[in-house]
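What follows is a single structure, written as structure tokens, with notes after it.
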There are 2 protein chains.
Amino acid sequence: MSRKPVERGDLPPLLAEVFRKHGYEGASLALISEATGLGKGSLYNFFPGGKEEMAAAVLADVDAWFEGNVFAPLRDKADAETAISGMLDAVDAYFRSGRRICLVGAFALDDARSRFAERIRGYFASWVDALAAALARAGRKDAAALAEEAVSLIQGAIVLSRALGDTGTFDRTIRGLRKRLTARRQA
Amino acid sequence: MSRKPVERGDLPPLLAEVFRKHGYEGASLALISEATGLGKGSLYNFFPGGKEEMAAAVLADVDAWFEGNVFAPLRDKADAETAISGMLDAVDAYFRSGRRICLVGAFALDDARSRFAERIRGYFASWVDALAAALARAGRKDAAALAEEAVSLIQGAIVLSRALGDTGTFDRTIRGLRKRLTARRQA
DNA sequence: GTCTATAGAGTGATAGAC
DNA sequence: GTCTATCACTCTATAGAC
């Protein structure tokens, strides 16, 4: 029986949705079990460290996605302008106009922060630094400050979009950033 | 005994700290009892609706503070420039350079949002509208968009400051906003 | 007596760990 | 599935104010 080849690697995206929806504390093993279709026994086989290890795996998975799809292109692409524009496309698709929250940002406000402080710090530091590098390549003088502001603005737009129940806020933010970050000339 | 005249009105600030620190789910009655020095009996006398009513009272308290100290001045002060500058002073003091989170913003990302959606929406709508009104009085053409962006930026700066463990991010954001929102001339 | 406030034992349900 | 701890919450008992 049971020829459903579930692997540990398949789980983080499913777990992520549970943590996004209910937060770290609110994500009970019962909900996780339901979302994954796995019994508690199986979950503890995959993640002996329990809930904390599950959340850590999710954060690592999210971090890896951003590293591959956002941070690395920002750092490495020859054409800085298209790299920045590509970041905005990826971010817009990933956060679905603010309907999907940033798990790392939510954990930063939560007391889950105490458990995962270094991962959370690393994620945002990589993002700001990668964007600053691209902006610098594009010839912006205020690259570091502008990068910090852009990442703040994206995080804040997720908060505001959800609070207002209006995806327009997020969409306007992305459009505004596209203009400001890829402006040809600038002080 | 027990001549400690505790009133219901004294509790929201104490409760707020517990919810800020642990989130809605993580704020257990045991923690709340410890933080307030009150037994469960007293807590349920003050808040028959239990934890949900406690959180609602906290949100109402926060909302009232912002209404009095931030939103109303933005709407009513004759001098729009000093009203905006006053908002930034109040926000900077309230959030303590990002060391203190915005409970309403945190709840917006949490699943506490489903319970308090209208209060959360109202808070941010009031903030954006009041700031837009002040910016319009100051003669800004893009008042609504600028207000939305400013509030997003403040929320995002709280996330980023905490994530990076660096109050500098929040401080730079406030300084940048002071410049941008009170610029004499502008398109 | 009534009312409000207190502390805390006790409830069933459910948590995460194993 | 089984474990214990803890959850939100109820309830009893008690106190002083009026």
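If you're wondering where the values come from, they're calculated on a predicted model, not measured in any experiment. A note on names: the letters A, B, ... follow the listed sequences, proteins ahead of strands, and every chain is numbered from 1.
With sequence neighbours excluded, the residues forming a salt bridge (charged side-chain N to carboxylate O under 4.0 Å, His left out) with A:E67 are A:R75, listed by chain and number.
Ring geometry for A:F95 against A:F170 counts as perpendicular: the plane angle is over 60°, on a 0 to 90° scale with 30° as the lower cut. Ring geometry for B:F71 versus B:F66: interplanar angle of 30 to 60°, hence tilted. Classified by interplanar angle (parallel below 30°, tilted 30° to 60°, perpendicular above 60°), the ring pair A:Y123/A:W127 is perpendicular.
Counting to the nearest Å, the P atom of C:dC18 and the CZ atom of A:F47 are 16 Å from each other. Atom CD in A:E52 sits roughly 16 Å away from atom C1' in C:dA15 (whole-Å rounding). Between the CG atom of A:L43 and the C1' atom of D:dG1 there is a distance of 14 Å, given to the nearest Å. In this structure, A:M54 atom CE and C:dG16 atom P are separated by 9 Å, rounded to whole Å. Between the NZ atom of A:K40 and the P atom of C:dT14 there is a distance of 11 Å, given to the nearest Å. If you take CD1 of B:I32 and P of C:dG8, they are 17 Å apart, rounded to a whole angstrom.
Here B:L160 contributes atom CG and B:D166 contributes atom CG; the two are 8.5 Å apart, rounded to the nearest 0.5 Å.
A close approach under 4.0 Å does occur between a side-chain nitrogen or oxygen of B:K51 and OP1 or OP2 of D:dA8. Phosphate proximity of C:dC18 to A:Y44: absent, as no side-chain N or O sits under 4.0 Å from OP1 or OP2.
Nucleic acid contact class of B:F46 (heavy atoms, under 4.0 Å, all strands): sugar-phosphate only. Among the protein residues, B:G41 comes within range of the nucleic acid bases, having at least one heavy atom under 4.0 Å from a base atom.
Between the side chains of B:R178 and B:S85, at least one donor-acceptor pair of N or O atoms lies under 3.5 Å.
Within residues 16-31 of chain A, no residue approaches DNA chain D, by heavy-atom distance under 4.0 Å.
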